[in-house]
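Below, read A as the first sequence line, B as the second, and so on, with proteins coming before strands; counting in each chain starts at 1.
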Amino acid sequence: MKCHVPGPNVKVLGRTIHALARFGDELYLESLADCILLRTLNASESAYAMLKFNRNFFSYFNYNYYSTEDNEGLKCKISMKSALNCFKSPAHMDKQVENLEIKLDPEQCKLIFQFKCKHGIVKTHFISILDSKAMEAVYTKDLVPNRITSSQRILSEAIGNFQNSDDQVTLEALAQSVLLRNYIDANVDLSKIIRTQINIRSVEFDSYIIGFETIITFTMKEFKALLAFAEALSLPIQLQFESTGKPVVFIIHNGSTIEAHFVLATSKPDNVTQGTSTQNSSRVEKSKRKDSNLEQGSASKKLHLDMEVSKCLDEDSHLFNFVDIPCDIVDKNNCDNIVNSEKTCVNNSVMSAMDCDNIPASPTSRTMIKSVFQRCFESTFDPRSIQRVVLAENSDSE
Amino acid sequence: MKFRAVMIDTGPMREFSNIVTTISKLSKECVLRLSTDQIYFIVSDDNSGPTPPILWCEIPQSMFFSEYQLIGVDDEHKDIYLGFISANLARPLVTLKSAKTLKMKLTKKQCPCLTLEIEMPSSTSPQTRHVTHDIPAIVVPRKIWSDFQEPQVPKPDISIELPPLKQLRTSIDRMRTMASDVVIRASAEGRLTLQIKTDMAKVSTRYKGLRVDTFEGPIEHSDSETESQINEDLSRVCVCRVDAKKLSMFLSADQISHNRIICSIVHKRLVILCLQTDENVKLQCFITGIVY
């Protein structure tokens, strides 16, 4: 594969790399016949990003530059650090770089970035290829009931109200408005934390379809990174999400040349929420605790060990992975090159989707418990799932 | 206990934000005292138990709030004292600079909170959006209210207007790198001298023609520390040595748009810096003198 990126687009590519670097430590590059895909996955496998550059992003694009027989597409994995080194200051890149040539030879072990800068300066970066595999996440985005299109400005203004120390954000999608608030861990001392809630009315968004009111929580760091990316390209963001526990997909595209998907795992909201919903939900939880014969660890502080377990299971979704893989085969179409971890997102979400369908009104503690102890409710009891629980308990160092 | 207040004017909101930001720079924790006519920000010395406050800021509520309701515990204790981490209060208030309205409420959401409801204009549409911040507070029990009374200070020997804070700050910040304490000397003739001494150098900055508000002379000098310029009447000069860091911290208050700053000195014992704004906000800083 050999391609040329014109000067202005080098800046876009630079921004992309910088956004991806906030997600993961490794960069997967895949070249198909008509596009280049960049992908990354974060260490805890809760965030995934994919960028697709169509052929017309490039001034020259030759997929068959080195060989003509290969139909499968060229793939390589490089370290994010070395990719970042090539694009040190994306803001000024378009002024210095006239042309960028990217070469990937399947027979070689280097990926070559060659920057042709002003005044005849040529900078060539040889990047070691760590692996020649590709990675792909499987997620549903087109069939989800909740879709919001927003200008990046609305979201970044909203996020500006949070404190720097906030690491997760909860989005509550209601029929008429979106509530954003900082997620408060149940173990955190409430007297030290500012709780912030932002109410954005649906009319502010470019389009707003909520088919299923829900609450999702995702990480702030990656969210900020993708907002910065959207801001740099001044493109709107499409949010597509289903329900608690299922991944949220952020899509940023300009129609023809570039398309970015950012997938973030979502976790369940805790009992500690803010504003008017607080009192209501905690009351609901109390009444639930009475009629349920399960220990509802999530709501009480005494049982926070239980809760940590459940949280581990929630967040570290690959704990479910081994148990669930055989039973759900949702995506048959492109299962070939799915990296193990990527299924987790889906598995996790499929599970919680089943739960949420039962109790659509309050996806708080009961769903959490149900998803944790789900195995117990099933007729075929799999002891391995119990083992997983124990495992999680031991490794709660996070 | 109930408290509710509304701010709708942009000017006072910006001012309020500046005041709280300044206080957060001067201290880690502060106490907000709410009373019927004024609200007070009070900062005690961080490290030394119950001492008189080192910072006292009073804000007339009527100048800032269009609505102000306050109900204390009972008739005898009409005020409310709330303890905050200053930064927690200051950071959400930074957004006030572009806000339309601010509502403050005392709420109980698992812990006592001061809830700020800020109405922000939207940049993309005529809509507004509501941002709610719950800032955790500690309700100060009545038995330690006495720690937060206005400090009783001796009558100052001299009160002199300070030159513009920015100028003063640049010289103090330079001096601070060389010595830990500064000698402030003010004369009844309107001269102000800031001086440091090190083994290598003696640096002083002199200002003259400053307005003297009051002078309760003559001053008695007993030791050799007060060397003076030639032909200056020592009995009309007031001296105090203070910690340079504390002084410089107060000088960072220059982002509050003030109309005057008075420096009052109790000879060799205390420096009181008092900043006043057009809205009758009074920010006082008490820096005790260092005596060798």
More than 12 heavy atoms from other groups under 6.0 Å of [atom1] on [X]:
{"X": "B/Lys245", "atom1": "NZ", "value": "no"}
{"X": "B/Asp74", "atom1": "CG", "value": "yes"}
{"X": "A/Lys224", "atom1": "NZ", "value": "yes"}

If I take atom [atom1] from residue [X] and atom [atom2] from residue [Y], how far apart are they, to the nearest 0.5 angstrom?
{"X": "B/Glu117", "Y": "A/Gln197", "atom1": "CD", "atom2": "CD", "result": "9.5 Å"}
{"X": "B/Thr95", "Y": "A/Glu157", "atom1": "OG1", "atom2": "CD", "result": "11.5 Å"}
{"X": "B/Asn88", "Y": "A/Ile194", "atom1": "CG", "atom2": "CD1", "result": "4.0 Å"}
{"X": "B/His130", "Y": "A/Ile200", "atom1": "NE2", "atom2": "CD1", "result": "12.0 Å"}
{"X": "A/Arg201", "Y": "B/Arg129", "atom1": "CZ", "atom2": "CZ", "result": "10.5 Å"}
{"X": "A/Leu179", "Y": "B/Thr132", "atom1": "CG", "atom2": "OG1", "result": "8.5 Å"}

Greatest number of heavy atom pairs closer than 4.5 Å to chain A - which of B/Thr115, B/Val94, B/Thr128: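 Among the listed options, the one with the most contacts to chain A is B/Thr128.
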
Verdict with reasoning, B/His133 to A/Arg195, per side-chain contact (heavy atoms from CB on, under 4.5 Å): CA-CA 5 Å; B/His133 297 281; A/Arg195 278 164 290 167; over 6 Å; no

